[in-house]
Amino acid sequence: MFEHLQEQLRTLSKTTEISVPLEADAEGFLDKECPSETCLFQFKIAEEDWKNIVRDEEVFCPSCGHTAPAQSWFTKEQIDAAKEYALDQITNGINAAMRADAEASKRRAKRNSFISITLEAKGGRDAVLLPVAAAHPMRLKTSCEECECRYSYVGAAYFCPSCGKNSASHTFLQTLETIRTAAGLGSKLRETLGRDEAEVIAQTLLEKAMQDTVMSFQRVSEQLYEHRTGRVAKRNAFQRLGTGSELWEAELGVTYTDILDEEALTQLTIYFQQRHLLAHQQGIVDADYLTRSQDTQYEIGQRLVIRQAEVLRFATLIEKLAKSIMEYCDTK
Ligand SMILES: [Zn+2]
Ligand SMILES: [Zn+2]
């Protein structure tokens with residue numbers, strides 16, 4: 001009487017693997033996530049290139065440069081969906097079939113309506129969910145000059161996932177463009193989301209843009225410096241304006257004061273200190289900040305409020321500074 005069920009259970013007891021279909025997005029890109037616990041950076045890679053160019057043994061995180069074999073780059077969402085899918089497969093084996101596909105496609109639709117953006121925060125990273133409509137313009141699509149692998153990401157990232165080439169100069173200016181786009185998303189968010197939620201996310205994006213600006217400047221400076229001198233600059237040296245300027249003075253005979261006027265440099269100092277506060281003090285103004293930045297707008301204990309105009313000004317100043325250094329590196 002239970003022959004079918006018994007047969008089904010016998011088959012199940014032998015099952016050690018269930019294949020889960022993973023679908024590329026409408027543009028043929030697969031979601032990937034850095035397996036390093038401190039990073040978890042999410043990016044996309046062209047499905048074709050994932051199959052044909054990327055090697056099984058080694059994939060590089062575009063953000064932190066962490067390497068791991070190709071099977072370690074599933075996103076948390078994919079793993080959760082896969083577990084659910086596998087469970088459905090087993091349940092269906094016992095009950096009726098066919099349900100899993102419908103369920104899975106429903107889940108995929110749900111997953112695709114939001115995208116998760118990872119943000120650096122004290123003691124780890126936070127993720128915010130952004131509506132696809134808002135996140136889409138922020139996504140930077142690029143391909144490696146070396147191996148032609150196509151990949152895309154939101155924010156600041158520099159390593160080719162396939163060959164690991166550090167393409168900081170190549171992506172620096174593009175990255176600034178996405179930072180500018182992100183800074184201007186407030187009104188788009190207000191169209192899609194409730195007012196309060198839109199404000200919170202817009203503020204988060206502006207803060208992320210401040211951090212990405214420093215990070216992209218740091219990476220491009222490190223690469224220029226290494227290319228020029230054959231030496232690796234001390235960790236985070238280019239996160240500090242004074243230290244960075246001294247390094248270039250020793251190498252090129254040029255300081256940041258030669259490139260930017262006093263007002264611009266004062267402003268840049270404030271932005272760099274704000275980045276530091278956002279990354280390490282959750283944006284709460286402390287005495288160190290006031291001393292280092294000479295910012296007269298805030299008092300101790302206040303929280304920074306980052307405005308769109310400031311992010312745009314920051315991007316303009318950093319672009320000017322980096323472009324000048326690039327030129328000096330070429331001509332001196
Ligand atoms: Zn990473
Ligand atoms: Zn490459």
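Heavy-atom basis, side chains included; hydrogens, waters and symmetry copies ignored. Counting convention: from 1, in listed order, for ligands and their atoms alike. Position 1 is the first residue of the sequence; numbering continues from there.
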For a quick test of reading the model, state the closest non-hydrogen atom pair linking Tyr256 to Phe217 and the distance between them. OH-CZ, 3.6 Å
Where Asp286 and Ile300 come nearest, the two heavy atoms and their spacing: C-CG1, 4.1 Å
Indicate whether any N or O donor in one side chain lies under 3.5 Å from an N or O acceptor in the other, for Asn236 and Gln218. yes
For Tyr151, does the six-membered ring have the charged nitrogen or CZ of Lys32 within the cation-pi criterion, i.e. under 6.0 angstrom from the centroid and within 45° of the normal? no
Taking the six-membered ring for Trp, are Phe41 and Phe43 parallel (under 30°), tilted (30 to 60°) or perpendicular (over 60°)? parallel
Mind reading off the angle at the Zn ion (ligand 1) between the SG atom of Cys61 and the SG atom of Cys34, rounded to 10°? 110°
Quick check for you: with the Zn ion (ligand 1) as the vertex, what angle do SG of Cys64 and SG of Cys39 span, to 10°? 110°
Is Glu246 salt-bridged to Lys234, cutoff N-O under 4.0 Å? no
Excluding waters, which protein N, O or S atoms are within less than 2.8 Å of the Zn ion (ligand 2)? Cys144 SG, Cys147 SG, Cys160 SG, Cys163 SG
Determine the interplanar angle of the Trp73 and His66 rings, folded into 0 to 90°, and report it as parallel if under 30°, tilted if 30 to 60°, perpendicular if over 60°. tilted
